[in-house]
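Single-structure report; data block below.
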Protein chains: 2
Amino acid sequence: MGWEQELGEADRMWRTYIEMAKHLNSHLQQHLQRECDLSAADFEVLVRLTESERREMPVAEVAAATQWEKSRLSHQLTRMAQRGLVERVDSDDRRYPDVRLTDKGYAAISKAVPEHTEMVHALFVDVLGPERLAGFAQACADVLRALDRHRKRDCTL
Amino acid sequence: MGWEQELGEADRMWRTYIEMAKHLNSHLQQHLQRECDLSAADFEVLVRLTESERREMPVAEVAAATQWEKSRLSHQLTRMAQRGLVERVDSDDRRYPDVRLTDKGYAAISKAVPEHTEMVHALFVDVLGPERLAGFAQACADVLRALDRHRKRDCTL
DNA sequence: AGCGCCAGGTTGATACGTCAAGCAATGAGT
DNA sequence: ACTCATTGCTTGACGTATCAACCTGGCGCT
């Protein structure tokens with residue numbers, strides 16, 4: 001066939017990264033699901049909500065924090081509300097309802113965060129050690145900047 | 001609330017990684033979809049198929065390469081067959097049908113791979129440069145090993 | 001040969017993500 | 001004050017992922 005056998009060093013390294021990301025992700029996700037009965041999406045929303053003092057914030061704020069589409073968030077909140085993890089609250093301006101963390105939701109995230117953090121440390125932070133971790137993060141930040149630049153160019157086209 | 005404000009260095013670096021992975025992924029995926037009308041799943045299956053001389057291999061082999069569930073693969077192949085990218089072929093043993101890359105599928109992947117590779121270089125490989133890339137890949141490999149060890153322990157429990 | 005077993009694949013039900021269209025409440029223009 | 005444009009949220013439809021149940025054809029056993 002041709003091109004696909006000629007994988008250079010760089011491409012093999014790219015594949016290593018892809019593999020790592022895939023496995024790490026699925027491992028963390030499965031753990032969260034098994035131990036805490038939370039999907040990754042549930043977890044993310046709950047974490048964002050705890051970042052407010054009042055366990056409550058406008059939907060738009062959650063949307064901004066998660067960078068999700070509004071419709072995705074809306075569906076997600078509906079499902080989470082059905083399971084009693086959050087509840088929708090009408091704020092003073094009826095257009096922009098708030099979301100509040102219920103006690104059940106708070107209990108769930110309180111259990112999940114330490115477990116998740118422990119897992120992240122065991123599988124990632126401690127594996128790399130401080131210096132390599134710093135280098136890794138720096139690399140990620142650089143890639144992020146490159147992405148931003150690229151995106152800006154695409155938008156202005 | 002407490003714990004979530006006390007994000008250490010390490011946790012912020014973890015978040016940086018998560019952000020990077022998310023954005024990089026979605027950027028590559030969108031590009032593939034827009035330019036080549038292929039989903040990430042399509043792309044992966046097609047790449048695996050080109051790794052065979054005959055553009056054809058047993059379903060099980062694709063499953064092993066992609067590490068997907070058999071049902072996911074089956075659905076995916078059905079959809080790809082409907083779109084004419086692949087076709088199912090009965091092999092000598094009727095239990096284990098083969099999948100073959102059609103001409104259309106070959107054309108699609110032939111267009112997609114160079115574009116994708118170019119993107120990966122622009123956004124990742126070239127951003128890091130050779131030495132940092134090597135360090136990065138080494139880190140990924142180490143995390144992968146840690147994951148394997150962890151998984152082994154889980155299985156033997 | 002007839003019997004059940006089993007590995008692997010397919011199918012169907014359900015949950016999730018995305019897109020496009022709809023809806024509701026405010027604020028600006030007249 | 002009435003209309004309407006805007007903004008953000010919700011809804012519905014469709015494509016995809018996952019889980020469990022179910023075929024199906026080859027294999028060993030008696």
Side-chain angles (χ1 to χ4, degrees), chain A residues 22-23 25-34 37-46 48-49 56-100, chain B residues 21-23 25-34 36-46 48-49 56-100:
Chain A
K22 196 166 66 176
H23 286 269
N25 224 350
S26 80
H27 192 94
L28 288 171
Q29 223 161 297
Q30 282 171 16
H31 177 82
L32 219 50
Q33 188 70 62
R34 269 206 326 268
D37 195 39
L38 292 176
S39 72
D42 298 333
F43 184 80
E44 173 135 20
V45 169
L46 292 177
R48 301 306 183 175
L49 279 177
E56 176 178 339
M57 60 172 68
V59 172
E61 211 165 305
V62 184
T66 56
Q67 308 242 57
W68 290 357
E69 302 215 353
K70 53 192 182 169
S71 73
R72 175 182 177 187
L73 182 56
S74 190
H75 285 302
Q76 179 71 31
L77 291 177
T78 304
R79 291 184 297 253
M80 291 177 75
Q82 277 167 1
R83 295 169 51 206
L85 295 171
V86 301
E87 55 189 358
R88 294 186 204 260
V89 178
D90 277 1
S91 67
D92 40 355
D93 188 333
R94 291 258 177 75
R95 277 176 301 181
Y96 317 135
D98 281 13
V99 198
R100 178 153 58 188
Chain B
K22 195 166 66 178
H23 286 269
N25 224 347
S26 79
H27 192 94
L28 289 170
Q29 222 162 299
Q30 282 171 15
H31 178 82
L32 219 50
Q33 187 70 62
R34 269 205 327 267
C36 310
D37 195 39
L38 292 177
S39 71
D42 297 334
F43 184 80
E44 173 137 19
V45 169
L46 293 178
R48 300 307 182 173
L49 279 176
E56 176 178 338
M57 60 171 70
V59 172
E61 210 166 307
V62 184
T66 57
Q67 308 242 61
W68 288 358
E69 303 215 354
K70 52 190 185 172
S71 74
R72 176 182 180 188
L73 182 55
S74 188
H75 284 302
Q76 179 70 32
L77 291 177
T78 303
R79 292 186 296 254
M80 290 177 76
Q82 276 166 2
R83 294 169 52 206
L85 296 171
V86 301
E87 56 190 356
R88 293 186 206 260
V89 179
D90 277 2
S91 66
D92 41 355
D93 187 334
R94 291 258 178 75
R95 281 177 298 182
Y96 318 135
D98 281 11
V99 198
R100 178 153 57 190

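Below, chain A is the first sequence line, B the second, and so on; all start at residue 1.
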Hey, what do you get for CG (A:Asp98) to CE (A:Met57), rounding to the nearest 0.5 Å?
9.5 Å
Hey, is the main chain of B:Tyr96 close enough, under 3.5 Å, to the side chain of B:Ser91 for a donor-acceptor pair?
yes
First-last contacting nucleotides on DNA chain D - partner chain B, under 4.0 angstrom, heavy atom:
D:dT16 to D:dG26
By side-chain hydrogen bond (donor to acceptor under 3.5 Å, both in side chains) - contacts of B:His23 (at least two apart):
B:Glu19
The side-chain hydrogen bond (donor to acceptor under 3.5 Å, both in side chains) partners of A:Arg48 (sequence neighbours excluded) come to A:Glu44
B:Arg95: partners by salt bridge (charged side-chain N to carboxylate O under 4.0 Å, His left out), with sequence neighbours left out
B:Asp93
At 4.0 Å (heavy atoms only), tell me whether A:Arg94 reaches a base, stays on the sugar-phosphate, or touches nothing.
sugar-phosphate
Hey, which sits more toward the 5' end of DNA chain C by its nearest nucleotide, A:Asp93 or A:Asp42?
A:Asp42
Here the residues of residues 70-86 of chain B within 4.0 Å heavy-atom distance, strictly under, of DNA chain C are B:Lys70, B:Ser71, B:Ser74, B:His75
Residues which pass side-chain hydrogen bond (donor to acceptor under 3.5 Å, both in side chains) with B:His75, listed by chain and number, not counting sequence neighbours:
none
Would you please name every residue forming a side chain to side chain contact (heavy atoms under 4.5 Å, CB included) with B:Val59, sequence neighbours left out?
B:Leu73, B:Leu77, B:Val99
Holding to side-chain hydrogen bond (donor to acceptor under 3.5 Å, both in side chains), I want the full list of residues that pass it with B:Glu87, two or more places apart in sequence or in another chain.
B:Arg100
With a 4.0 angstrom cut-off to heavy atoms of chain A, pull out the first and last contacting nucleotide of DNA chain C, in 5'-to-3' order.
C:dC16 to C:dT26
Name all residues meeting the side chain to side chain contact (heavy atoms under 4.5 Å, CB included) criterion together with B:Asn25; count only those two or more places apart in sequence or in a different chain, and write none if there are none.
B:Gln29
With sequence neighbours excluded, tell me which residues meet side chain to side chain contact (heavy atoms under 4.5 Å, CB included) with B:Asp90.
B:Arg94, B:Pro97
Test side-chain hydrogen bond (donor to acceptor under 3.5 Å, both in side chains) on B:Gln82 and B:Arg79 and set out the steps.
CA-CA 5 Å; B:Gln82 276 166 2; B:Arg79 292 186 296 254; over 6 Å; no
Between B:Thr78 and B:Ser74, is there a donor-acceptor pair closer than 3.5 Å when you use the side chain of the first and the backbone of the second?
yes
Supply the atom-to-atom distance B:Met80 CE to B:Leu49 CG, rounded to the nearest 0.5 angstrom.
7.0 Å
Could you list by number each residue of residues 58-69 of chain A showing a heavy-atom separation from DNA chain C of less than 4.0 Å, or answer none if no residue does?
A:Glu69
